[in-house]
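Notes to accompany the following structure.
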Amino acid sequence: MTDWRQILGRNHVIKKFELCDFTPIYEWHMKEKEKKKNMSTEEKKALKEEKLKQEEKYMWAIVDGVKERMGKLKRRILPSDITINIGKNAPVPECPILGESWKEVKHDNTVTWLAFWNDPINSKEFKYVFLAASSSLKGQSDREKYEKARLLKDYIHGIRAQYTKNFTNKDITMRQIAVATYLIDKLALRSGNEKDDDEADMVGCCTLKIENVALLPPNKIQFDFLGKDSIRYFNTVEVELPVYKAIGQFRSGKKDGQDLFDKLDTSKLNSLMPSLTAKVFCTYNASITLDEMTQREEMNVDLGRAKKGKPPLKDAEGKKKKNLSPEVLERKLLQIDAKMEKLEREKITKEDLKTVALGTSKINYLDPRISVAWCKHHEVLKEKIFNKSLLAKFTWAMDVDPDFRF
DNA sequence: GGAGCGACTTAGTAGACTGCTT
DNA sequence: AAGCAGTCTACTAAGTCGCTCC
């Protein structure tokens, strides 16, 4: 038997409980029990109070700005909460809890969910069990998403020309649509649905408030608002003068708390062109940028190959140690300077990227076929670019033609 | 035509894991 | 072996958006 208390080191893994000796704990526990048994009622009460006194400072929390449902404990979800969706002739999965049964068994092949239940805290909210990202069904819809964004390539110039023209349209709704579309296209803003929770201070494009948008003459706009997940969007952008003027008009005569785009909501924006929603712009802009950059890279590589006869880079570690001449020292100093400059640049890049969720783009906005095609061209293993789960998610993209362009 | 519903995508986070340095 | 920084993965909340119904 091993005394478990003797096992030190954080990497030690207990594999067999039966080899551990827990009798000291057991004995201590029994002794305490015995002690309590022999105590008088007063003594027990005193002990309880002492315990409470110790715990009390951890028993309460002061919460500021409470939301209705905040801090509520979620009860356990039971089979009787759950509706499952299976094939007509598929056997009904056995209910895992004895005496319980599923709320409902459906056979709906027009939807992808396998099961759902209503959140007990907010019964209007649905919770779903969906297929994994690696499933062929999800892969198919992922491919369709990128195909739709690719279609935008043929229309984007027309769309941009259209909304640019409408910056000065006489009709205010048309002007608002034009400016909102411009912001979504240029800044990749979310569309900003209306939320029934009226105290929510988070916004998207259509729900921007007067105080979220400041005019900085002559033609800059400063955005400052809380977006999805309460993440602050703080950005100053130079815009075309008609946009600057239009935003000034939308603001005039309004107070803080009022909508900048008072004639707009997301359904108006989305119904403009069928299935062209804000995220299509995001997908398109992200993927086309990656595509262009990999192409530019291509040209640089070719240029690089043209410059032959370059001496191989020598590493700084010389084997022999000598008294170094001033020239050598000078050169070393320069090398160190260059290295410091490089590190400084890297530091700035890192600082700049700190607020950019690159992982999110990779998962949701960048057509994986661009990256796979690049890998094929440069004989780079795709495993170097995608982790295990992304490889699984993007199975549908792996057989892409090496000359694929977005 | 707008509110609410239902189904789906997008996104951040915690904690585990990995691999390098000391 | 410890310390660490970066990456991976599961989890699920927070969005979007089309549809239905009044």
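By convention in this document, chain letters (A, B, ...) are assigned in the order of the sequence lines, proteins followed by strands, and residues within each chain are numbered from 1. Everything numeric in this text was worked out from a predicted model, so none of it was measured.
The backbone N or O of A/K138 sits less than 3.5 Å from a side-chain atom of A/S141, completing a donor-acceptor pair. Between the side chain of A/K153 and the backbone N or O of A/F406 there is at least one donor-acceptor pair closer than 3.5 Å. A donor-acceptor distance shorter than 3.5 angstrom exists from the side chain of A/N118 to the backbone of A/S123, with no hydrogens or angles considered.
Look at A/R190 and you'll find a side-chain N or O under 4.0 angstrom from OP1 or OP2 of B/dA11. The side chain of A/N364 contributes no N or O atom lying less than 4.0 Å from OP1 or OP2 of B/dT9. Residue A/K127 places none of its side-chain N or O atoms closer than 4.0 Å to OP1 or OP2 of B/dA7. Using a 4.0 Å cut-off, no side-chain N or O of A/S389 falls inside it from OP1 or OP2 of C/dC8.
A donor-acceptor contact under 3.5 angstrom links the side chains of A/D185 and A/Y163, judged on distance only. Residues A/D403 and A/H377 bring a donor and an acceptor atom of their side chains to less than 3.5 Å of each other. In summary, the side chains of A/T266 and A/N193 do present a donor paired with an acceptor at a separation below 3.5 Å, with no hydrogens or angles considered.
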Report summary line: With sugar-phosphate taken as primed atoms, P, OP1 and OP2 and all else as base, the protein-contact string of nucleotides 17-22 of chain C at under 4.0 Å (heavy atoms; B, S, -) is BS----
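A/L151 approaches A/Y155 most closely through the heavy-atom pair O-CD1, 3.2 Å.
Closest contact between the side chain of A/T360 and the listed nucleotides B/dG12, B/dC8, C/dA13 involves B/dG12. Checked against C/dT9, B/dT9, C/dG15, the side chain of A/M202 finds its nearest nucleotide in C/dG15. Taking every side-chain heavy atom of A/T112 into account, B/dC8 is the closest of B/dG6, B/dC8, C/dT9. Comparing C/dA13, B/dT10, B/dT9 by their nearest atom to the side chain of A/K145 picks out B/dT10. Comparing C/dA14, B/dG12, B/dT9 by their closest approach to the side chain of A/I231 singles out B/dG12.
A distance below 6.0 Å separates the ring centres of A/F167 and A/Y182. Ring to ring, A/F261 and A/F250 are close: their centroids are under 6.0 angstrom apart.
Ranked by how close their nearest DNA chain B nucleotide is to the 5' end, A/V111 and A/K124 are led by A/K124. Residue whose closest nucleotide on DNA chain B sits further toward the 5' end, between A/Y128 and A/I363: A/Y128.
Looking at heavy-atom distances under 4.0 Å, A/G359 makes no contact with the nucleic acid at all. No contact: A/F116 has no heavy atom under 4.0 Å from any strand.
Distance, A/Y233 OH to B/dA11 P: 14 Å, rounded to whole Å. The separation between A/N387 atom CG and C/dT7 atom P is 11 Å, rounded to whole Å. Taking atom CG on A/D265 and atom P on C/dT16, their separation rounds to 12 Å, with Å as the unit. Protein atom CZ of A/F130 is 17 Å distant from nucleotide atom P of C/dT16, rounded to whole Å. In this structure, the CD atom of A/E104 is 12 Å from the P atom of B/dG6, given to the nearest Å. Here the C1' atom of nucleotide C/dA14 and the CD atom of A/E125 are 9 Å apart, to the nearest Å. The nearest whole Å value for the distance from the CZ atom in A/R232 to the P atom in B/dA11 is 20 Å. As rounded to whole Å, 12 Å separates atom P of C/dG15 from atom CZ of A/F225.
At a threshold of 4.5 Å between non-hydrogen side-chain atoms, the residues A/Y244 and A/P217 count as touching.
Heavy-atom neighbours of A/M293 CE from other residues, nucleotides or ligands within 6.0 Å: at or below the threshold of 12.
In the helix from B/dG1-C/dC22 to B/dT22-C/dA1, the terminal helix axes, each the rotation mapping four pairs' C1' atoms onto the next four within five end pairs, subtend 0°, rounded to 10°.
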